[in-house]
Amino acid sequence: KGESMMGVAFEAHETVRVGIIGVGNRGASMLPLFLAVPGVAITAVCDVSADAVNRAARAVTDAGHPEPAKYSAGEDDFENLLRRDDVDFAYVATPWEWHTPMALSAMRNGKHVGVECPAGTTVDELWELVDTSEKTRRHCIQLENCSYSQNEMRVLRMVHDGLFGQVLFGAGAYLHDLRELLFSKTYYAGQWRRAWHTGLNGDLYPTHGLGPVAAYMDINRGDRLVRITSMSTPAAGLAQYREQHMPAGDPTWNERYVKGDATISLIQTEAGRVVQLAHDVSNPRPYSRLNQLQGTNGVFEDYPARIYLEPTHSNDEWGDFAEFADYDHWLWKEVGPGPGGHGGMDYIMLYRLAQTMRLGLPPDIDVYDSATWSAPFALSVESVRRNSAPVDFPDFTRGRWQTPHPGVDSPKPA
Ligand SMILES: NC(=O)c1ccc[n+]([C@@H]2O[C@H](COP(=O)([O-])OP(=O)(O)OC[C@H]3O[C@@H](n4cnc5c(N)ncnc54)[C@H](O)[C@@H]3O)[C@@H](O)[C@H]2O)c1
């Protein structure tokens, strides 16, 4: 444990040298986006799959960059990547069980680290990330791309300009029909993601929904999450999908799915606001992160985007969110959307990360945000297990949650 990492600036880097650990679906799709950001080099890549590492290295050289160092000698070879002295930032895009061990090792080896969602899966893991970030003075960043989505950033600017009045309620979710991918023999390495549905019953992917809503409510910058209560529906969707699609004798028939299809959580903040979180990847439905915000002046709801703000709107009729495009964040006006998937938010996130590292600014997202947004993973499992009993959020900031400090609604650097 050491002093707080809140508002602590990166040392300035002329070039940000990135080591990527995990070049499966996500890591391989982020690799060209790192290369597209000005001032970023990829100096090393690691995956237990040598094929994946070779493909990733080729993608780097095909883009005209020097070949990165390659690590594929087993599941601990990432440690060797992290010992290199030409890596400033490690990007971890491996299965969830590896996120915390890899992030801890990165920081202990003097690297800042960006972790895919969630940063950790137990409260102990999250505290260890906080302790280690403080002790090593390295940043641990939940790379929450949805925080950089255009609608979320526009709503955040509007909140900060006072358009919603007093913020009262927000909803976020990960509602994504993953059944086909979960049962694919080739998509997730070793089919790691379905395995979680045989072990835990809770919100297994809270950060996409919570990150943006936490920003609307200035969580860790004036307010804090206090307690959570969660309920899960029966677990039926994956078993039904298996019945319909998997042949008799397939190994999946030995599995028992315990993760209730929908997990719904309510979180209360210190200021009394309420956040609703939802998670469902096991049932047919179009994609949604809900992304809703209610204030004393009106409401925003996404999927599809619609708005109702007094005095502009009246008569129970939704208004057109496109009319508020002037409120777009400067990253979307001047940088975005940029290349890559997810509507361009992945690139925006990496652009901003590299900008803060090159200019020597504090990161938009620190270890306290990373731990707070990831905590509903473990806390919802605990609440569901205890018949929806309220479970307290740890205060990862150690009492500093009222301290204003930089966040996702960044001003444009001079
Ligand atoms: N933010 C987003 O929008 C987004 C989108 C997709 C996935 N993700 C996250 O990205 C992560 C990876 O997901 P994915 O879909 O790419 O899964 P994947 O299975 O395609 O990729 C994981 C990779 O990690 C490698 N790996 C496993 N153990 C390793 C180890 N010990 N050392 C080195 N490599 C190891 C695997 O070989 C595989 O290539 C997950 O945390 C997932 O939740 C985030």
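Basis for what follows: all heavy atoms, side chains included, without hydrogens, waters or symmetry-related copies. Counting starts at 1 for both ligands and their atoms, following the listed order.
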Handout entry: His342 neighbourhood, listing ligand 1 atoms whose heavy-atom distance to it stays under 4.0 Å
Key = 3 (O)
Problem - For His99, the ligand 1 atoms whose distance to one of its heavy atoms is below 4.0 Å - result: 41 (O)
Exercise for the section: Determine, using ring centers only, whether His112 and Phe89 are less than 6.0 Å apart. Expected result: no
Fill in the blank from the handout: atom 31 (N) of ligand 1 has as its nearest protein heavy atom Glu75 O, 3.1 Å
Practice task
Give the single entry among Leu81, Asp51, Asn25 that approaches atom 20 (O) of ligand 1 most closely by any heavy atom.
Solution key: Asn25
Problem - Heteroatom distance test (Ala189, ligand 1): nitrogen or oxygen, under 3.5 angstrom - result: yes
Fill in the blank from the handout: For atom 15 (O) of ligand 1, the closest protein heavy atom turns out to be Tyr188 CE2, 3.4 Å
Practice task
For Glu144 and ligand 1, answer yes if some heavy atom of the residue is under 4.0 Å from a ligand atom, otherwise no.
Solution key: no
Exercise for the section: Please test Asp218 against Arg273 for salt bridge (Lys or Arg N to Asp or Glu O under 4.0 Å), starting from the C-alpha separation and ending with a verdict. Expected result: CA-CA 11 Å; Asp218 292 325; Arg273 297 153 167 165; 5.8 Å; no
Exercise for the section: Identify whether NZ of Lys or CZ of Arg in Arg224 sits under 6.0 Å from the centre of the six-membered ring of Tyr368 and within 45° of that ring's axis. Expected result: no
Practice task
Can you pull out the closest protein heavy atom to atom 11 (C) of ligand 1? Residue, atom name and distance to 0.1 Å, please.
Solution key: Thr94 O, 3.4 Å
Problem - Partner of Phe300 under ring pair (Phe, Tyr, Trp, His ring centres under 6.0 Å), chosen from Tyr327, Tyr308, Phe321, Phe164 - result: Phe321
Handout entry: Shortest heavy-atom approach to atom 28 (N) of ligand 1 - which of Trp98, Phe78, Trp96
Key = Trp98
Problem - Atoms of ligand 1 close to Tyr187 [distance to a heavy atom under 4.0 angstrom, numbered from 1] - result: 20 (O)
Exercise for the section: For Cys117, take its heavy atoms, then give the atoms of ligand 1 lying under 4.0 Å from any of them. Expected result: 41 (O), 43 (O)
Problem - Minimum side-chain heavy-atom gap Asp346-Arg26 below 4.5 Å - result: yes
Exercise for the section: Tell me, please, whether Phe183 has Arg242 positioned over its six-membered ring: NZ or CZ under 6.0 Å from the ring centre and within 45 degrees of its axis? Expected result: no
Practice task
Mind checking the CD-CD spacing from Gln294 to Glu301? Nearest 0.5 Å is all I need.
Solution key: 8.5 Å
Exercise for the section: Kindly state whether the ring of Trp196 and the ring of Phe377 have centres lying under 6.0 angstrom apart. Expected result: yes
Problem - Ala93 heavy atom under 4.0 Å from ligand 1 - result: yes
Practice task
Answer yes or no: is there a side-chain heavy-atom contact under 4.5 Å between Pro394 and Leu126?
Solution key: no
Problem - Per-atom contacts, ligand 1 versus His208 - under 4.0 Å to a heavy atom - result: 1 (N), 2 (C), 3 (O)
Fill in the blank from the handout: Sequence neighbours excluded, the answer for ring pair (Phe, Tyr, Trp, His ring centres under 6.0 Å) partners of Tyr347 is none
Exercise for the section: Taking only Lys NZ, Arg NE, NH1 and NH2, and the carboxylate oxygens of Asp or Glu, determine whether Lys70 and Asp77 approach each other closer than 4.0 Å. Expected result: no
Handout entry: Nearest neighbour in protein (non-hydrogen) for atom 21 (O) of ligand 1
Key = Gly24 CA, 3.5 Å
Handout entry: By ring pair (Phe, Tyr, Trp, His ring centres under 6.0 Å) - contacts of His197 (at least two apart)
Key = none
Problem - Proximity flag Tyr71 to ligand 1, non-hydrogen atoms under 4.0 Å - result: no
Handout entry: Closest protein heavy atom (residue, atom, distance) for atom 27 (C) of ligand 1
Key = Pro95 CD, 3.4 Å
Exercise for the section: Could you tell me whether the side chain of Ile228 reaches within less than 4.5 Å of the side chain of Leu225, counting heavy atoms only? Expected result: no
Completion exercise
If you scan protein heavy atoms around atom 29 (C) of ligand 1, the nearest is Val48 CG1, 3.8 Å
Handout entry: Single hit among Asp328, Asp302, Asp326 for salt bridge (Lys or Arg N to Asp or Glu O under 4.0 Å) with Arg154
Key = Asp328
Problem - Geometric N/O contact Ser49 with ligand 1, under 3.5 angstrom - result: no
Completion exercise
Check: of Glu116, His176, Met102, min heavy-atom distance to atom 30 (C) of ligand 1 comes from Met102
Completion exercise
Among non-hydrogen protein atoms, atom 3 (O) of ligand 1 lies closest to Asn145 ND2, 2.9 Å
Practice task
Ignoring hydrogens, just give me the one of Asp47, Leu204, Val92 whose non-hydrogen atom is nearest atom 39 (O) of ligand 1.
Solution key: Asp47
Fill in the blank from the handout: of all protein heavy atoms, closest to atom 5 (C) of ligand 1 is Arg26 CD, 3.5 Å
Completion exercise
Closest to atom 13 (O) of ligand 1 by heavy-atom distance, out of Trp192, Tyr174, Tyr205, is Trp192
